[in-house]
Amino acid sequence: MKQHLRHVYSAATLATLAAALVPAHAQGVIKIGELNSYKAQPAFLEPYKKGMELAVEEINAKGGVNGKKLELITRDDNANPGDAVRVAEELVAREKIDVLTGTFLSNTGLAVADFAKQKKFFFLAGEPLTDKMTWQGGNAYTFRLRPGTYMQAAMLVPEAAKLKKKRWAIVYPNYEYGQSAVAAFKNLMKAAQPDVEFVAEQAPPLGKVDAGAVVQALADAKPDAIFNVLFGADLSKFVREGNTRGLFKDRSVVSVLTGEPEYLDPLKDEAPNGWIVTGYPWYGIQTPEHKAFFLAYHEKYKDYPRLGSVVGYSMIKSVAAGVAKAKSTETPKLVEAFKGLQVDTPFGKITYRGVDHQSTMGAFVGKTKNEGGKGVMVDYTYLDGAKFQPSEAEIKKLRAD
């Protein structure tokens with residue numbers, strides 16, 4: 001039979017067949033499986049994908065990691081937790097990926113984190129912001145890059161407390177991320193300003209805000225200040241209606257994420273003045289790390305980066321650094337390598353904490369300004385995430401594992 005095969009197939013063909021039977025990782029490729037809500041959240045995730053691709057290109061141009069090239073395999077999770085788990089299963093079982101990454105929405109992120117726990121498979125979440133990712137729902141196999149809702153609220157609360165406003169209204173998308181952000185803000189504000197009152201809450205479904213009704217309900221409560229957690233199209237509708245009805249006139253607004261160009265740029269001439277926000281003022285960051293990133297990104301895409309670009313880029317850089325440190329893509333070795341892992345990013349060096357698997361990536365806090373019909377961030381400062389995390393003792397109480 002073997003002799004017959006040799007007659008039928010040439011030596012070159014046999015070599016090709018043999019290579020096809022060898023697992024991908026043995027052929028010198030590290031497969032990074034990534035899933036995300038590309039169709040549902042394009043404003044953030046299109047730049048994010050470009051950031052990932054730039055990082056892969058840079059790493060492979062330098063010879064890859066441990067002598068192997070990176071290969072990125074992306075899938076859409078339809079912004080649905082059930083679909084996200086199905087896609088993660090397909091990436092692991094069919095595509096034979098080495099590392100699982102991605103997710104945007106907090107509910108899909110938590111679903112994939114639970115999948116990683118059940119399958120004992122390494123998962124690096126780039127974007128989901130709920131605190132459950134690394135605390136109450138944290139597990140041994142899941143790490144997160146971006147600062148979560150507690151960290152971002154902790155960065156905003158000192159500025160909010162300086163306003164000395166007693167009556168606050170709150171508006172947020174009614175799903176895991178919004179609920180987590182509001183819980184963190186309330187707790188931290190009560191600690192910073194014990195006499196604070198929360199006089200109104202509006203929690204529209206994600207992507208389905210009835211802006212007129214929401215703005216009217218907030219106005220009727222006559223708050224001194226507003227804490228906003230809406231983003232994307234919901235934010236645009238809220239700002240337009242709020243401007244029309246005078247909701248923001250003589251009222252302070254503190255807002256998570258609104259300084260990110262993904263969400264600030266679309267507001268154009270409706271961009272508000274003086275909101276206290278977290279964001280990404282790409283046009284003013286003068287550090288060597290950011291300049292190098294900006295120039296490489298702009299040269300490749302002829303466009304300026306968004307925050308998504310930084311997240312995608314830094315996530316792939318994190319995977320590469322972790323695999324290099326572990327000298328392996330085996331989950332147990334990757335998990336150990338990521339504890340205390342240091343990674344160079346456009347925002348400077350970050351560290352993944354061993355206690356909760358959260359990175360120390362920070363955020364820029366500043367104010368919005370309508371400058372020539374376009375929203376920008378002014379008076380901003382980069383806040384190191386390491387300074388806005390609870391103590392190890394507090395985190396150990398929150399984590400179940």
For the residue pair F122 and F143, is the inter-centroid distance of their aromatic rings smaller than 6.0 Å? yes

For T130 and R144, the nearest pair of non-hydrogen atoms, with its separation, is O-NH1, 2.6 Å

Between the main-chain N or O of D83 and the side-chain N or O of N78, is there a donor-acceptor pair closer than 3.5 Å? no

Is it the case that the side chains of S180 and T149 hold a donor-acceptor pair, with the cut-off being a distance below 3.5 Å and no angle test? yes

pair L206-N174: side-chain heavy atoms closer than 4.5 Å: no

How long is the gap from CG on D356 to NZ on K396, to the nearest 0.5 Å? 11.0 Å

Between V254 and W168, is there a side-chain heavy-atom distance shorter than 4.5 Å? yes

Quick one: does Q179's side chain get under 4.5 Å of Y172's, heavy atoms only? yes

Working note: Q41 + E127, criterion side chain to side chain contact (heavy atoms under 4.5 Å, CB included); need CA distance, chi angles, decisive distance, verdict. CA-CA 12 Å; Q41 301 290 339; E127 173 65 20; over 6 Å; no

F123/F115 under ring pair (Phe, Tyr, Trp, His ring centres under 6.0 Å): CA gap, chis, key distance, verdict: CA-CA 9 Å; F123 171 47; F115 166 85; 8.7 Å; no

Check each of V319, L124, L35 against L100 using the side chain to side chain contact (heavy atoms under 4.5 Å, CB included) test, and report the only one that passes. L35

Within-4.5 Å side-chain heavy-atom neighbours: I350 and L145: yes

Can you tell me if R167 uses its side chain to pair, donor with acceptor, with the backbone of A221 under 3.5 Å? yes

Please determine if K387 and D384 form a salt bridge, counting it only when a charged side-chain N lies under 4.0 Å from a carboxylate O. no

Taking the six-membered ring for Trp and the full ring for Phe, Tyr or His, determine whether the centres of F248 and F238 are under 6.0 Å apart. yes

I'd like to know if E336 and K339 make a salt bridge, using a cut-off of under 4.0 Å between side-chain N and carboxylate O. yes

Indicate yes or no for a side-chain donor-acceptor contact from T278 to the backbone of V365 under 3.5 Å, with no hydrogens or angles considered. no

S328 OG to L334 CG distance, which is reported to the nearest 0.5 Å: 6.5 Å

Full working for side chain to side chain contact (heavy atoms under 4.5 Å, CB included) between L257 and Q152: CA-CA 9 Å; L257 312 184; Q152 297 209 35; 3.7 Å; yes

Side chain to side chain contact (heavy atoms under 4.5 Å, CB included) for W275 and V239? Distances and angles first, verdict last. CA-CA 11 Å; W275 284 24; V239 169; 3.8 Å; yes

Short side-chain to backbone donor-acceptor contact, D76 and Y38, under 3.5 Å: yes

Could you tell me whether a side-chain N or O of S359 sits under 3.5 Å from a main-chain N or O of R353, the two making a donor and an acceptor? no

All N/O donor-acceptor pairs, side-chain side in residues 155-165, below 3.5 Å, sequence neighbours left out:
residue, atom, partner, partner atom, Å
E159, OE2, K162, NZ, 3.2

Hey, is NZ on K268 packed in by over 12 heavy atoms from elsewhere, all under 6.0 Å? no

Counting distance only, does the side-chain N/O of N60 pair as donor-acceptor with the main-chain N or O of L70 below 3.5 Å? yes

What is the minimum heavy-atom distance between P223 and V199, and which atoms define it? CB-CG2, 4.1 Å

The reported gap from CD1 in I59 to NZ in K68 (rounded to nearest 0.5 angstrom) is 15.5 Å

The single option from V214, L230, N228, D210 passing side chain to side chain contact (heavy atoms under 4.5 Å, CB included) against Q202: V214

Is any side-chain heavy atom of T345 closer than 4.5 Å to one of V310? no

Could you go through V277 and M377, starting from their C-alpha distance and side-chain angles, then the distance that decides it, and tell me whether this counts as side chain to side chain contact (heavy atoms under 4.5 Å, CB included)? CA-CA 8 Å; V277 297; M377 272 181 82; 4.1 Å; yes

When you look at NZ of K374, are more than 12 heavy atoms from neighbouring residues, nucleotides or ligands closer to it than 6.0 Å? yes

So, for V229 and Y177, which heavy atoms are closest and what is the spacing to 0.1 Å? CG1-OH, 3.2 Å

Does K325, at its NZ atom, have more than 12 non-hydrogen atoms belonging to other residues, nucleotides or ligands within less than 6.0 Å? yes

So which heavy atom on K166 is nearest to which on D224, and how close? N-OD2, 3.4 Å

Between atom CG of L341 and atom OG1 of T351, what is the distance when rounded to the nearest 0.5 Å? 8.0 Å

Using every non-hydrogen atom in the two residues, find where L264 and A271 come nearest and quote the distance to one decimal. CD1-CB, 4.4 Å

Quick check for you: to the nearest 0.5 Å, what is the distance between M189 atom CE and I170 atom CD1? 9.0 Å

Has S37 got a side-chain atom pairing as donor or acceptor with F104's backbone, closer than 3.5 angstrom? no

Counting neighbours of NZ on K237 that are heavy atoms of other residues, nucleotides or ligands and sit closer than 6.0 Å, is the number greater than 12? yes

Donor-acceptor pair, D114 side chain versus L110 backbone, under 3.5 Å? no

Pairing of R146 and E260 as salt bridge, 4.0 angstrom limit: yes

Indicate yes or no: at least one non-hydrogen side-chain atom of S314 is less than 4.5 angstrom from one of F347. no

Side-chain atoms of residues 46-53: list all donor-acceptor pairs with protein atoms under 3.5 Å, sequence neighbours left out, distances to 0.1 Å.
residue, atom, partner, partner atom, Å
Y48, OH, E34, OE2, 2.7
Y48, OH, N36, ND2, 3.2

Between E270 and R240, does any NZ, NE, NH1 or NH2 come within less than 4.0 Å of an OD or OE carboxylate oxygen? yes

Side chains of L383 and T381: closer than 4.5 Å at any heavy-atom pair? yes

For A321 versus V343, what's the shortest heavy-atom pair and its separation? CB-CG2, 4.0 Å

Less than 4.5 Å apart, side chain to side chain, heavy atoms only: is that true for F231 and V256? no

Give, for atom CD of E89 and atom CG of L91, the distance between the pair rounded to the nearest 0.5 Å. 9.5 Å

So, K96 side chain and A93 main chain: donor-acceptor pair closer than 3.5 Å or not? yes

Please check if any side-chain donor atom of Y313 sits under 3.5 Å from a side-chain acceptor atom of E58, or the reverse. yes

Whether Y297 and F293 hold their rings parallel, tilted or perpendicular, with breakpoints at 30° and 60°: tilted

Can you classify the ring geometry of F185 versus F227 as parallel (below 30°), tilted (30 to 60°) or perpendicular (above 60°)? parallel

Using only atom types and a distance under 3.5 Å, with no angle test, would you say the side chain of N139 pairs donor to acceptor with the backbone of A116? no

Pair Y280 and Y304, ring centroids less than 6.0 Å apart: no

